[in-house]
Amino acid sequence: PRSAGVVIVSVVYPNGSMTDVATGNWGTNAACAEGVLVLWARRSVLIAVDSTGATLFTTEMPWYVTVAGASVYVTTWCPKTNAGDLLLAYHAPSGAQVFNVSVPGSGGQIAARPTANSTAIPDVLWLDGGYGEPGTLRDGSTGFALCATPRALSEALVIVPTAASLVGIDGVRAYGLSWTTGQPMWNTTDY
């Protein structure tokens, strides 16, 4: 950002020259999804722009955002209920929406299982239930719920998605949950 709240997207060329391609008030969070710049401000707007500055997609009221390879997963916030509302997925390079599913009351984190191919859509993602509720494993290409996960994961301080398991760290221990069953596979008390 060059001034408070304003983001200028610039292309920097190999010779060191730079061209501004887009300007807007898009927030302070940013991530790159296979060459697409994703910018957002919680409870405001999310925008994805390519290297020419063209807008590929936008979303109102983003809450949690996760970028996994070429996929962007977003939960939205509903001001009327003061809770989570939708789970959206986009294929960033094409700008296509992959799915849009209702997740009432879910205001929590999102973690996607890493893929071997960075352009692939993750096969599984985890959505926190929020407010101490159990989370759910969901299909990464449809958003449909696959199975619930233990409530403890929703209370974890840090969530780390690995290919082998979804890892939660709660300040006392770490534990891994299966991406297929949603059940604990190991914890730091296993010696």
Closest approach of [X] to [Y] (non-hydrogen atoms, all atoms of both residues):
X: V67; Y: A31; result: CG2-CB, 3.6 Å
X: Q183; Y: A148; result: NE2-O, 3.9 Å
X: G182; Y: C147; result: N-SG, 3.9 Å
X: L56; Y: P93; result: CD1-O, 4.1 Å
X: S71; Y: A120; result: OG-O, 4.2 Å
X: A41; Y: P62; result: O-CG, 3.4 Å

[X] side, atom [atom1]; [Y] side, atom [atom2] - distance, nearest 0.5 Å:
X: N187; Y: Y175; atom1: CG; atom2: OH; answer: 9.5 Å
X: S102; Y: L86; atom1: OG; atom2: CG; answer: 6.0 Å
X: W186; Y: L177; atom1: CH2; atom2: CG; answer: 9.5 Å
X: M61; Y: S44; atom1: CE; atom2: OG; answer: 8.0 Å
X: S178; Y: L137; atom1: OG; atom2: CG; answer: 7.5 Å
X: L127; Y: I110; atom1: CG; atom2: CD1; answer: 6.0 Å

Is [X] linked to [Y] within one hydrophobic cluster, defined over Ile, Leu, Val, Met, Phe, Trp and Tyr using a side-chain heavy-atom separation of less than 4.5 Å?
X: L146; Y: I121; result: no
X: W179; Y: L125; result: no
X: V74; Y: V36; result: yes
X: V103; Y: F144; result: no
X: V124; Y: V167; result: no

Under 3.5 Å side-chain donor-acceptor pair for W126 and T149: yes
Hey, are T119 and N117 close enough side-chain-wise for a donor-acceptor pair under 3.5 Å? yes
In chain order, what residues pass the side chain to side chain contact (heavy atoms under 4.5 Å, CB included) check against A30, with sequence neighbours excluded? L37, L39
Ignoring hydrogens and angles, tell me if any N or O in the side chain of D50 forms a donor-acceptor pair with the backbone of A54 under 3.5 Å. yes
Taking W40's backbone N and O only, do any of them form a donor-acceptor pair with N29's side chain (distance below 3.5 Å, no angle check)? yes
Quiz item: cation-pi between R138 and F99, 6.0 Å / 45°: no
Aromatic W63 / basic R42 pairing, under 6.0 angstrom, 45° off normal: yes
Residues at least two apart in sequence or cross-chain that pass ring-ring contact (aromatic ring centres under 6.0 Å, His included) with F57, listed by chain then number, are Y90
Among residues at least two apart in sequence or on other chains, which ones pass ring-ring contact (aromatic ring centres under 6.0 Å, His included) with Y73? none
Does P161 reach the side chain of P114, with side-chain heavy atoms less than 4.5 Å apart? yes
V72 and side-chain contact (heavy atoms from CB on, under 4.5 Å): which partner among V38, T59, T66? V38
Can you spot which of V65, L153, T75, I159 makes a side-chain contact (heavy atoms from CB on, under 4.5 Å) with Q109? I159
Could you go through R113 and D123, starting from their C-alpha distance and side-chain angles, then the distance that decides it, and tell me whether this counts as side-chain contact (heavy atoms from CB on, under 4.5 Å)? CA-CA 7 Å; R113 183 179 190 175; D123 61 343; 3.4 Å; yes
